Amino acid sequence: MSAHQQIDIQQLPTKDAHAMLLGMVAPRPIAFVSSIDKKGKPNLSPFSFFNIFSSNPPILIFSPSRRVRDNTEKDTLRNVLSVGEVVINLVDESLLERMTLTSFEFPSTTNEFDAAGLTPVPSTHVQPPLVAEAKVAMECKVNEVISLGKQGGAGNLVICEVMWIHVQPDLLDNNGRFLEDAFHPIARMGGETYLASSARFDMNKLNRTVLGVHGLPKHIQQSPVLTGEQLAKLGKLERYPLTEAFDKLHISTPATTLAQHQLAAKLIEQNQIEAAMALLCR
């Protein structure tokens, strides 16, 4: 593998550093934040600097950064500083176009709910309204706002404690558990690129002793064929499997070591992990 190119990000123009970081740190979930000012005027804006950071207490953090181009503050930041409450609506595929519409800059007199054709609904515990069309909405009080700087591009960490959650019934099972497979959130990539989560896959989180890559025989660790990801799949096994794992496939053992490793790679990609290990350990 070629050596990494080194970049002194402190020396990059802010707009270039901003674009590079957002392209690298992705995908990012989107907080569709509704807030109000002291006069009760609502604001609705999306933020991809967003995630969950605690479950007890339930804490979400989003960051309305100062604009890179002119170092101005966003309305959402001014609102949370004056009225310390927000609703964080989650964005799924059914809200994509309307969510992106609110990211355009309208005159200050414009109500983003109206501009995007969305419906404000009174919240239960906070002043800002929630988005009726959002399948999940979380009413939050703002515990703290941490400024990360006064220059363009500087973030402001809005630390929100979730007080109340609204979920569409079809996203809950009979026991009230959230049905992740029924919800298809949208995530932000770099530039103007978004990612739909319709394609999903599971990774088993193992709560047992495994071999690890370092526990594999040296000739497997030094394989000229197997990739690092394929070695990691072998490393998740608890032990060297019995030969039956390969024999039951009724495949002839290749004559050369290279051919064995090539076949093992194919078996790993077919999720025949134990069979691949049995072949490699012959």
Side-chain angles (χ1 to χ4, degrees), residues 22 25-37 40-53 58-65 67 73-81 83-106 108 110-142 145 155-168 170-171 178 180 182-198:
L22 267 61
V25 184
R28 300 180 306 283
I30 299 169
F32 201 17
V33 179
S34 51
S35 62
I36 60 170
D37 64 16
K41 180 182 179 296
N43 179 269
L44 186 60
S45 187
F47 298 92
S48 67
F49 287 179
F50 164 64
N51 219 309
I52 182 170
F53 290 86
I59 298 295
L60 305 174
I61 299 178
F62 73 96
S63 178
S65 299
R67 294 184 178 90
E73 293 179 346
K74 296 179 180 178
D75 291 338
T76 301
L77 177 60
R78 289 192 288 268
N79 288 351
V80 298
L81 289 173
V83 179
E85 297 175 343
V86 296
V87 177
I88 296 180
N89 307 275
L90 299 186
V91 179
D92 75 330
E93 294 174 7
S94 69
L95 275 179
L96 176 60
E97 294 292 344
R98 287 171 287 182
M99 177 274 295
T100 55
L101 188 55
T102 65
S103 65
F104 286 84
E105 292 191 22
F106 294 100
S108 59
T110 301
N111 182 325
E112 285 85 4
F113 279 91
D114 294 338
L118 294 167
T119 310
V121 174
S123 296
T124 305
H125 288 78
V126 300
Q127 299 175 67
L130 58 88
V131 175
E133 292 81 3
K135 295 181 179 179
V136 179
M138 292 174 279
E139 299 184 26
C140 306
K141 68 174 182 178
V142 176
V145 179
N156 295 274
L157 304 185
V158 181
I159 302 174
C160 305
E161 183 172 349
V162 181
M163 307 302 295
W164 202 259
I165 299 177
H166 302 258
V167 184
Q168 284 194 355
D170 59 350
L171 295 182
F178 188 71
E180 294 182 28
F183 186 58
H184 302 292
I186 291 292
R188 186 74 187 269
M189 304 293 286
E192 299 303 321
T193 303
Y194 292 81
L195 179 68
S197 64
S198 298

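In this chain, numbering begins with 1 at the start of the sequence shown. Owing to the predicted nature of the structure, the values given are computational and were not obtained by experimental measurement.
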Original post:
Between Q127 and I36, what is the shortest heavy-atom contact and its length?
Top reply: CB-CD1, 3.4 Å
Subject >> Side chain to side chain, F50 and V33, heavy atoms closer than 4.5 Å >> reply: no
Subject >> Closest non-hydrogen atom pair, P122 against L130 >> reply: O-CD2, 4.5 Å
Original post:
How long is the span from the CD1 atom in I186 to the CG atom in L195, to the nearest 0.5 Å?
Top reply: 7.5 Å
Subject >> Heavy-atom side-chain proximity of L171 to F178 below 4.5 angstrom >> reply: yes
Original post:
Which residues satisfy the side-chain hydrogen bond (donor to acceptor under 3.5 Å, both in side chains) test with R98, sequence neighbours excluded?
Top reply: none
Original post:
CG of L101 to CG of L96: how many Å apart, nearest 0.5 Å?
Top reply: 11.0 Å
**OP:** Could you tell me which residues satisfy side-chain hydrogen bond (donor to acceptor under 3.5 Å, both in side chains) with E73, sequence neighbours excluded, listed by chain and number?
**Re:** R66
Original post:
By salt bridge (charged side-chain N to carboxylate O under 4.0 Å, His left out), which residues pair with D75, not counting sequence neighbours?
Top reply: R78
Subject >> P29 and N51, any side-chain heavy atoms less than 4.5 Å apart >> reply: yes
**OP:** Identify the two heavy atoms, one from I30 and one from A187, that lie closest to each other, and give their separation to 0.1 Å.
**Re:** CD1-C, 4.2 Å
**OP:** Quick one: list whatever passes side-chain hydrogen bond (donor to acceptor under 3.5 Å, both in side chains) with N43, sequence neighbours left out.
**Re:** T76, E112
Subject >> Distance (rounded to the nearest 0.5 Å) between M138 CE and M163 CE >> reply: 14.0 Å
Original post:
Which of these, P120, C160, S123, sits in a side-chain contact (heavy atoms from CB on, under 4.5 Å) with V87?
Top reply: S123
**OP:** Please identify each residue that fulfils side-chain hydrogen bond (donor to acceptor under 3.5 Å, both in side chains) with S48, with sequence neighbours left out.
**Re:** R28
Subject >> Student check: side-chain heavy atoms of E192 and T100 closer than 4.5 Å >> reply: no
Original post:
CD1 of I88 to CZ of F32: how many Å apart, nearest 0.5 Å?
Top reply: 12.5 Å
Subject >> salt bridge (charged side-chain N to carboxylate O under 4.0 Å, His left out) contacts touching residues 120-138 (sequence neighbours left out) >> reply: D92-K135
Original post:
Counting only N and O atoms by type, is there a donor-acceptor contact under 3.5 Å from the side chain of N89 to the main-chain atoms of V131?
Top reply: yes
Original post:
Mind checking whether F47 and F62 have parallel, tilted or perpendicular rings, split at 30° and 60°?
Top reply: tilted
**OP:** Provide the closest heavy-atom pair for A115 versus T110 in the form atom of the first, atom of the second, distance.
**Re:** CB-CG2, 4.0 Å
Original post:
For F49 and N156, what are the C-alpha separation, side-chain angles and deciding distance, and is it a side chain to side chain contact (heavy atoms under 4.5 Å, CB included)?
Top reply: CA-CA 10 Å; F49 287 179; N156 295 274; over 6 Å; no
Subject >> Contact summary for P42 and N111, nearest pair of heavy atoms >> reply: CG-ND2, 3.4 Å
Subject >> Residue pair L81, V145: steps toward the side chain to side chain contact (heavy atoms under 4.5 Å, CB included) verdict >> reply: CA-CA 8 Å; L81 289 173; V145 179; 4.0 Å; yes
Original post:
Could you state the interatomic distance from NZ (K141) to NE2 (H125), rounded to the nearest 0.5 Å?
Top reply: 11.5 Å
Original post:
Donor-acceptor pair, S35 side chain versus V86 backbone, under 3.5 Å?
Top reply: no
Original post:
So, the side chain of E139 versus the backbone of W164: is there a donor-acceptor pair under 3.5 Å, distance only?
Top reply: no
**OP:** Flag the pair V121 / P129 as yes when at least one side-chain heavy-atom distance between them is below 4.5 Å, and no otherwise.
**Re:** no
Original post:
To the nearest 0.5 Å, what is the distance between CG (L44) and CG (D114)?
Top reply: 10.5 Å
**OP:** Compare every heavy atom of S63 with every heavy atom of G155, then report the nearest pair and how far apart it is.
**Re:** CA-OG, 3.4 Å
